[in-house]
Amino acid sequence: MNKIKEWADKNIQGDPVIWLVVICLSVFGILVVYSATGSLAYRAGVNTEKFLIRHTIMVGLSLFVMWVAHKIDYRYYAKLTHFALLLSVPLLLYAWQWGSQVNGANRWIVLPFVGLQFQPSDLAKLALIAALATMLAKRQQKIDDFKESLIPMLAWCGGICALIAMTNISTAVMLFATCMLLLFIGRVPVKYLAMLLVVGAFAGFVAMKVGQRGETAMNRVRSFLNPTEVPYQAQVANMAIATGGILGNGPGESIQRNFLPEAYSDFAYAIIIEEYGLVGGVMVLFLYLVLLYRGMRVVANSDRAFGGLLSAGLTFAIVIQALVNIGVVVGLGPVTGQTLPLISMGGTSLLFTGLSLGIILSVSRGEQEDFSAISGDMKNKLRTA
Amino acid sequence: MNIKHSILLRVRIAFLVAVLFVFAVIYRLVDIQMVEGDHWRQLAEESSLDYRTIKATRGSIYASGNDLLATSLPFYRLAFDPSLVDNKTFTSNIDSLSHLLSKYFRDHSSDYYKKKISEARQMKSRYLILNRELVNYQGRQEMLTWPIFRLGQMRGGVIFEKIDDRHRPFKKLAQRTIGRVNGDGKGVVGIEASFNDYLSGKNGEGLFQRVAGGNWKPVYASTDVRPVDGYDIHTTIDINLQDVAQNALLRALSTYQANYGAVVLMEVKTGEIKAISNLEKLESGNYAETYNFAIGTTNDPGSTFKLATMLALLESGKVELTDSVDTGDGTIEFFDGKLKLTDVKRGGYGKITVQDVFEKSSNVGIAKLVTEHFGDNPKEFVDLIKETGLGQPLGFQLLGEGEPYIKDPSDPSWSGSSLPWMSVGYETGLTPLQTLAFYNAVANDGKMIQPIIVKSINRANKPVEVFKPKVLNKKIASDETLQKLRLMLEGVVERGTAQNIKNEHYKIAGKTGTAQRLVNGRYMTQSYYASFAGYFPAEDPLYSCIVIIDNPRGWNRYGGDVSAPVFKEIADMIYAQNLDIHDSFAPQYTAANNGTFPVIRAGRLEELNELCNQLGISNYADEQASDWVRSSVNNNVVIWKKNHDNTGLVPNVEGMTLRDAVYILENIGLKVLASGSGRVKRQSVGAGVRATKGATIELELG
């Protein structure tokens with residue numbers, strides 16, 4: 001026992017609560033994915049464990065990515081962000097024009113040799129938030145300077161979100177909102193944010209017209225606003241929630257998973273309620289709030305504005321996505337196609353979630369001694385406390 | 001305020017917003033579960049959603065030339081909800097509806113239908129099957145115009161339940177070989193069963209929602225598993241030849257009141273089966289295709305096996321065709337007279353050549369020859385036969401091939417009489433198809449090929465898999481032996497046991513067989529298995545064929561009498577159709593039987609009568625005159641005599657106008673090719689010949 005503790009102390013660092021929450025949600029995710037894909041696999045005539053095995057491997061990989069990422073001093077990421085952001089632009093363009101199509105949108109790039117598909121928007125999301133944190137941290141002293149401080153940040157936010165909007169409007173809107181929040185947290189004056197909102201709305205309008213998904217987005221919003229016509233998925237989701245009751249029907253006992261499209265990703269939360277009841281559903285919400293709370297703790301404990309903003313941005317990105325997904329399931333928003341982070345089945349996007357969490361953990365560990373030599377110059381500039 | 005505190009404050013504000021949102025979510029959850037709960041639970045309870053099988057369309061089976069043998073068509077079962085219509089409509093329309101139902105199905109009176117429906121209505125029944133017989137699409141459309149039914153399902157209560165049924169356009173033709181599909185859509189016999197995996201395709205599954213009226217409507221496509229339709233099977237069956245073969249067999253079976261019979265016609269070079277028919281007598285006395293005897297039933301082949309015996313004798317080099325054999329008084333005894341083989345001819349054939357032994361089918365002669373040459377070493381005899389491939393399963397494409405059996409000296413049941421009895425076709429088990437493959441090999445210069453019935457498996461006219469003739473044995477015997485065997489097979493028809501099918505147009509080569517039937521382990525002396533196997537034309541064989549008839553009754557029950565004529569009827573048909581075989585023969589023009597009346601020789605009585613009356617020529621019809629007459633002249637009077645009946649025989653059309661001749665000949669299914677002008681002078685198919693549908697008849701006018 002002591003040995004395990006010794007090993008864990010040495011190898012697993014950072015906030016233990018975040019680790020615990022991540023592992024809890026991942027295990028929950030594996031259970032839900034298995035339940036939701038078993039009958040799908042059976043009907044398609046493939047091995048019922050096929051999706052379970054694939055998902056478990058991806059979860060394992062993403063935990064590994066998270067572990068590796070948390071071992072790295074977070075100040076390294078500041079250097080990487082700019083490069084990652086620059087890289088994501090051509091990738092987004094490529095996916096939009098030449099990417100492979102899934103369900104009517106070219107969001108995917110197939111990695112040569114490995115055969116894995118990944119969405120450049122996952123990379124862009126991470127890169128933009130990290131870059132924004134870097135830029136905000138650098139400009140804390142003159143945050144009111146519109147020209148020097150704000151123009152570059154706003155340009156990046158607008159540009160990346162617009163590119164993503166070409167193929168995926170809901171992700172773009174969500175990222176935009178996260179960026180706004182991060183800018184708010186980073187002390188950007190509210191009047192500038194209001195201005196950004198106007199610019200964003202205009203960009204969104206253009207994306208609707210030029211991009212591939214304008215019509216889908218319009219339809220989804222329209223059907224959400226029409227109270228008489230409940231979309232098919234929402235109907236089944238409501239049935240699942242209603243039949244789940246307080247305690248649920250028990251693991252693997254979902255009936256609506258057979259009728260719920262994307263029960264293993266977009267509508268996983270409905271299956272959670274059906275199988276684990278209101279108790280299970282509130283538990284999941286609670287876990288996300290704990291994650292958010294611990295992310296906030298990291299901000300409080302961080303010595304530097306950069307670490308705090310990075311941690312805040314990434315935590316909010318994950319939790320906002322989770323809340324949007326859950327909001328859709330319970331009928332608080334139009335159908336978006338956002339997955340439930342850490343729970344939904346979804347190949348490479350799990351790895352990016354792992355990377356995000358790894359960075360948050362890295363910040364929570366605080367600064368490492370051996371790093372100061374490398375970036376001593378930065379230290380002086382960024383010290384805020 | 002310092003920067004860090006300001007940031008923290010803003011983060012906390014955002015966190016609070018998130019917490020608020022979480023409460024909103026929990027509120028919604030409780031709302032859905034408690035307030036709207038009953039509504040949604042009831043919806044779920046009704047389970048108006050279900051995964052339903054999307055049936056794959058079963059592939060079709062084609063004959064050569066793309067004639068459809070079996071295909072899946074939608075049919076409907078007619079059911080009725082008698083409770084839906086109001087009283088006024090019901091009482092004023094029930095009579096006419098019952099009348100139409102009775103008229104359509106022709107099985108019950110209109111009173112029956114009226115009673116049935118009225119009773120169901122009184123019982124407040126909501127579902128009544130009006131007739132088990134399925135209705136096709138046209139029938140359904142027609143019924144939708146009937147009173148009450150025309151109100152539709154919702155108001156009129158008519159229910160058409162769609163059922164995919166297997167449709168065989170040629171009904172009973174090759175029924176057993178094509179096979180049958182059971183209620184689950186799975187082939188159970190024949191090609192339907194043997195190629196079921198190809199034909200059936202793969203059913204899909206789709207999510208459906210129940211809508212008003214008990215119908216299902218597909219909802220969401222992405223979770224559906226699409227059905228994959230079945231492949232089409234293209235067979236080698238020739239519809240016309242199949243028809244001829246089946247009819248010839250049926251006629252022979254009926255004449256001899258036999259138990260069952262089978263006929264297989266095969267193309268020599270390719271092994272393609274052109275016709276295969278099996279008929280068995282039912283309790284009712286009618287014949288029907290109940291089992292594929294040609295493929296599944298092994299039997300003592302009887303004398304047709306003598307071809308294999310002769311092959312062994314000739315291949316061993318111990319016998320010449322001209323060697324003489326003393327068959328004595330037609331009996332040969334074994335085990336001190338306990339077992340006896342006899343010849344058909346009473347008193348025996350005396351001293352005859354080896355060739356005569358075969359052509360006359362002398363059991364004594366054959367038995368003597370094998371005892372003399374293989375008596376010391378019966379294994380040599382058996383091995384020589386087995387080396388040809390006879391006795392090996394053919395690996396035929398259809399399931400259920402009978403396991404062939406050729407006794408080996410090592411077999412515990414081998415006895416001193418086994419060798420002679422085997423040599424004449426007993427103590428052996430072969431299916432008709434296996435025997436035919438052996439005869440086909442002799443016709444095909446010694447190359448034994450696997451018979452095939454399925455040529456290709458297609459998807460939308462594109463072959464997915466093509467079956468090529470497979471060689472089972474490149475050479476079953478030396479050319480010299482083969483030439484002798486063929487000489488003797490021709491002799492059987494020329495001089496031997498099948499002289500009755502000898503004809504001058506083309507030569508048939510073959511062998512008769514008359515085995516005693518094994519009943520309860522004993523050979524019955526008065527109960528036979530009559531067969532004829534052979535090929536034609538003898539000089540350049542195109543087709544091989546076997547006919548077997550089990551337990552014919554009556555006087556002439558030998559293979560030559562019973563089975564050979566069936567063979568000939570099929571051969572005649574092919575001969576008539578196949579111009580390639582004709583080339584070496586001159587057209588069989590018949591000489592004109594000239595009367596003296598020059599102008600009107602033959603035609604339609606009504607017209608000729610009027611014509612003569614107009615011209616003032618005295619004429620009258622004799623008592624037997626029919627529609628179509630021929631003139632004969634007696635002094636100055638024209639007498640109209642009967643030309644032909646509608647018997648299906650080719651009539652004499654000489655002297656007729658081309659218009660009349662074409663009308664008559666095309667009515668009986670011939671194709672007319674005319675040359676010259678004037679009246680018909682000569683016809684290429686003589687009068688009185690049985691007309692074969694589709695055959696061409698040439699007319700010379702002048």
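A, B, ... follow the sequence lines: proteins, then strands. Residue 1 opens every chain. Computed over heavy atoms, backbone and side chain alike; hydrogens, waters and symmetry mates excluded.
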* **A:Phe286 portion near chain B, given a 4.5 angstrom heavy-atom threshold** => neither
* To do: Kindly check if the number of other-residue, nucleotide or ligand heavy atoms within 6.0 Å of CZ (B:Arg28) is above 12?
  => yes
* What is the minimum heavy-atom distance between B:Gly37 and A:Ala242, and which atoms define it? -> O-CB, 3.9 Å
* Any side-chain heavy-atom pair from B:Phe21 and A:Ile320 closer than 4.5 angstrom? -> no
* Most heavy-atom pairs under 4.5 angstrom with chain B, which of A:Thr243, A:Leu332, A:Thr315? -> A:Leu332
* To do: Could you tell me whether a side-chain N or O of B:Gln33 sits under 3.5 Å from a main-chain N or O of A:Ile241, the two making a donor and an acceptor?
  => yes
* Taking the side chain as every heavy atom from C-beta outward, state whether A:Ile246 and B:Met34 have any atom pair closer than 4.5 Å. => yes
* To do: Answer yes or no: is there a side-chain heavy-atom contact under 4.5 Å between A:Asn238 and B:His39?
  => no
* Asked: Taking all non-hydrogen atoms of both residues, which atom of A:Phe316 and which atom of B:Phe15 are closest, and how far apart?
  -> CZ-N, 3.9 Å
* Asked: For atom CG of B:Asn461, is the number of surrounding heavy atoms from other residues, nucleotides or ligands below 6.0 Å larger than 12?
  -> no
* **Interchain contact, A:Val299 with chain B, by part (heavy-atom threshold 4.5 Å)** => both
* Structure fact -> Counting heavy-atom pairs under 4.5 angstrom with chain A, the leader among B:Asp38, B:Ile7, B:Asp31 is B:Ile7
* Asked: Heavy-atom distance under 4.5 Å between the side chains of A:Tyr288 and B:Val22, does that happen here?
  -> no
* To do: Keeping the roles fixed (side chain from B:Arg10, backbone from A:Phe184), state whether a donor-acceptor pair exists under 3.5 Å.
  => yes
* **Atom pair CD1 (A:Ile185) and CD1 (B:Ile13), whose distance is rounded to the nearest 0.5 Å** => 9.5 Å
* Side-chain heavy atoms of B:Arg12 within contact of A:Met296, under 4.5 Å -> yes
* Where does A:Leu181 contact chain B at under 4.5 Å (heavy atoms): side chain, backbone, both or neither? -> side chain
* Give, for atom CD1 of A:Ile273 and atom CG of B:Leu29, the distance between the pair rounded to the nearest 0.5 Å. => 4.0 Å
